[in-house]
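Numbered from 1 within each chain, the chains take letters A, B, ... in sequence-line order. Reckoned from all heavy atoms, side chains included, excluding hydrogens, waters and symmetry mates.
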Protein chains: 2
Amino acid sequence: MSNKEYNINQEQLARFAKAMGHPTRIAILQFLAKQTTCYFGDINEELPIAKATVSQHLKELKNSGLIHGEVEPPKVRYCINREMWDMACTMFKDFFANIQHNDSCDCK
Amino acid sequence: MSNKEYNINQEQLARFAKAMGHPTRIAILQFLAKQTTCYFGDINEELPIAKATVSQHLKELKNSGLIHGEVEPPKVRYCINREMWDMACTMFKDFFANIQHNDSCDCK
DNA sequence: TTTGTTGTTCGCAAAATTACGAACAATATT
DNA sequence: AATATTGTTCGTAATTTTGCGAACAACAAA
């Protein structure tokens, strides 16, 4: 057993991926990335699920760092967190780029 | 409520992301992408978990389409599925690229 | 102060995920 | 035929995820 643990990069990439691992959350992120509007109510309107559930998904996205939210009474504004977005973008890009291009794998 | 459903792209991206949403599976994918070797035993050796669990993770990765496996008695060879890998790569790239670059979002 | 609007949190239920050891299956080897 | 090697599957347990309605909290307006 060479290493037996996961490194920070693997953990972080997995965290991002996990946050993106649900259609609702992809939809939310795409909606926010378009920035038609940022309010909870508008996000909720786009989705086929209860607002309590939307709120939970938003919480998870916040925990992943990909978005952040702030209260603007009486509403709540959610936005893409640019820094983390760019970081995730880079990490996924590097992840997918890091593949051997020879044919040493002789699977069909 | 505008749409009320998720489109194929959102579902597919979420499926890829979900498959990648665990450090073990990221580690497996990175290991296979490096292609030092493709056999179950070698993958298993790299990971700090029981082989039954490794087998399960490999099954999920197969279900996502990102890898495929074939029996080569007495071993089992696992490989990155190039087509799906490239597809995922493109989908993540497009996803992250599709963000507004003006400052219409006035979050701090 | 009462009412309305906007979201979050709580409590619960169902389903999925993660993990393990033991048992099993498939194939070589002796 | 008996044995060894390699992985998968089974059964189980603990935890997490997903989803909802109801209750609640915060604030604005009447």
Side-chain angles (χ1 to χ4, degrees), chain A residues 1 4-6 10-11 13-29 31-32 36-64 66-79 105 107, chain B residues 1 3-6 10-11 13-29 31-32 36-64 66-79 107:
Chain A
M1 324 255 187
K4 283 307 204 175
E5 273 314 318
Y6 306 112
Q10 290 170 328
E11 302 270 12
L13 187 53
R15 219 171 295 133
F16 282 142
K18 190 174 182 183
M20 293 173 60
H22 193 288
T24 294
R25 293 195 291 269
I26 291 291
I28 291 172
L29 291 171
F31 183 77
L32 291 181
T36 313
T37 170
C38 294
Y39 295 117
F40 174 89
D42 305 305
I43 299 167
N44 186 43
E45 250 187 2
E46 291 288 311
L47 302 171
I49 54 178
K51 63 180 179 173
T53 309
V54 173
S55 200
Q56 266 187 166
H57 282 300
L58 286 165
K59 197 178 187 178
E60 282 183 63
L61 286 173
K62 265 199 297 185
N63 289 342
S64 79
L66 288 172
I67 70 171
H68 54 110
E70 50 182 306
V71 179
E72 275 182 24
K75 299 190 172 184
V76 178
R77 174 190 289 276
Y78 284 100
C79 300
C105 176
C107 293
Chain B
M1 324 259 186
N3 195 358
K4 283 307 203 177
E5 273 313 318
Y6 306 111
Q10 290 169 328
E11 302 270 13
L13 187 54
R15 219 171 296 133
F16 282 141
K18 189 174 183 182
M20 294 173 60
H22 193 288
T24 294
R25 292 193 292 268
I26 292 291
I28 291 172
L29 290 171
F31 183 77
L32 290 182
T36 312
T37 170
C38 294
Y39 295 118
F40 174 89
D42 305 306
I43 300 168
N44 185 42
E45 250 186 3
E46 290 288 309
L47 303 172
I49 54 179
K51 63 180 178 172
T53 309
V54 173
S55 200
Q56 266 187 165
H57 281 301
L58 285 166
K59 196 178 187 179
E60 283 183 62
L61 286 173
K62 265 198 297 184
N63 289 341
S64 78
L66 288 172
I67 70 171
H68 55 111
E70 51 182 305
V71 180
E72 274 183 25
K75 298 189 174 186
V76 178
R77 173 190 292 274
Y78 283 99
C79 299
C107 293

Please list, chain by chain and in numerical order, all residues satisfying salt bridge (charged side-chain N to carboxylate O under 4.0 Å, His left out) with B:R25, sequence neighbours excluded.
->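 Partners of B:R25 under the salt bridge (charged side-chain N to carboxylate O under 4.0 Å, His left out) test: B:E60.
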To the nearest Å, give me how far apart [atom1] ([X]) and [atom2] ([N]) are.
X: B:L58; N: D:dG7; atom1: CG; atom2: C1'; answer: 10 Å
X: B:E45; N: D:dG7; atom1: CD; atom2: C1'; answer: 14 Å
X: B:E72; N: C:dA26; atom1: CD; atom2: P; answer: 18 Å
X: B:L61; N: D:dG7; atom1: CG; atom2: P; answer: 16 Å
X: A:F40; N: C:dT9; atom1: CZ; atom2: P; answer: 11 Å
X: B:M20; N: C:dT17; atom1: CE; atom2: C1'; answer: 18 Å
X: B:R15; N: C:dT17; atom1: CZ; atom2: P; answer: 13 Å
X: A:Y39; N: C:dT6; atom1: OH; atom2: C1'; answer: 12 Å

Between C:dT8 and A:Y78, is there an OP1 or OP2 to side-chain N/O distance shorter than 4.0 Å?
->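 Checking A:Y78 against C:dT8: at least one side-chain N or O falls below 4.0 Å of OP1 or OP2.
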Can you check side chain to side chain contact (heavy atoms under 4.5 Å, CB included) on B:L47 and A:Y6, steps first, answer last?
-> CA-CA 9 Å; B:L47 303 172; A:Y6 306 112; 4.0 Å; yes
B:N63: partners by side-chain hydrogen bond (donor to acceptor under 3.5 Å, both in side chains), with sequence neighbours left out = none
Of all residues at least two apart in sequence or in a different chain, which pass the side-chain hydrogen bond (donor to acceptor under 3.5 Å, both in side chains) check with A:Q56?
-> none
For B:S55, side-chain contact (heavy atoms from CB on, under 4.5 Å) partners two or more places apart = B:F40
Residues which pass side-chain contact (heavy atoms from CB on, under 4.5 Å) with A:K62, listed by chain and number, not counting sequence neighbours = A:I67, A:Y78
Kindly point out which of D:dT6, D:dT8, C:dT9 is positioned nearest to the side chain of B:S55?
-> D:dT8
Summary of protein contacts for nucleotides 10-30 of chain D, nucleotide by nucleotide, where a base hit scores B, a sugar-phosphate-only hit scores S (4.0 Å, heavy atoms) | -------SSBBB-----S---
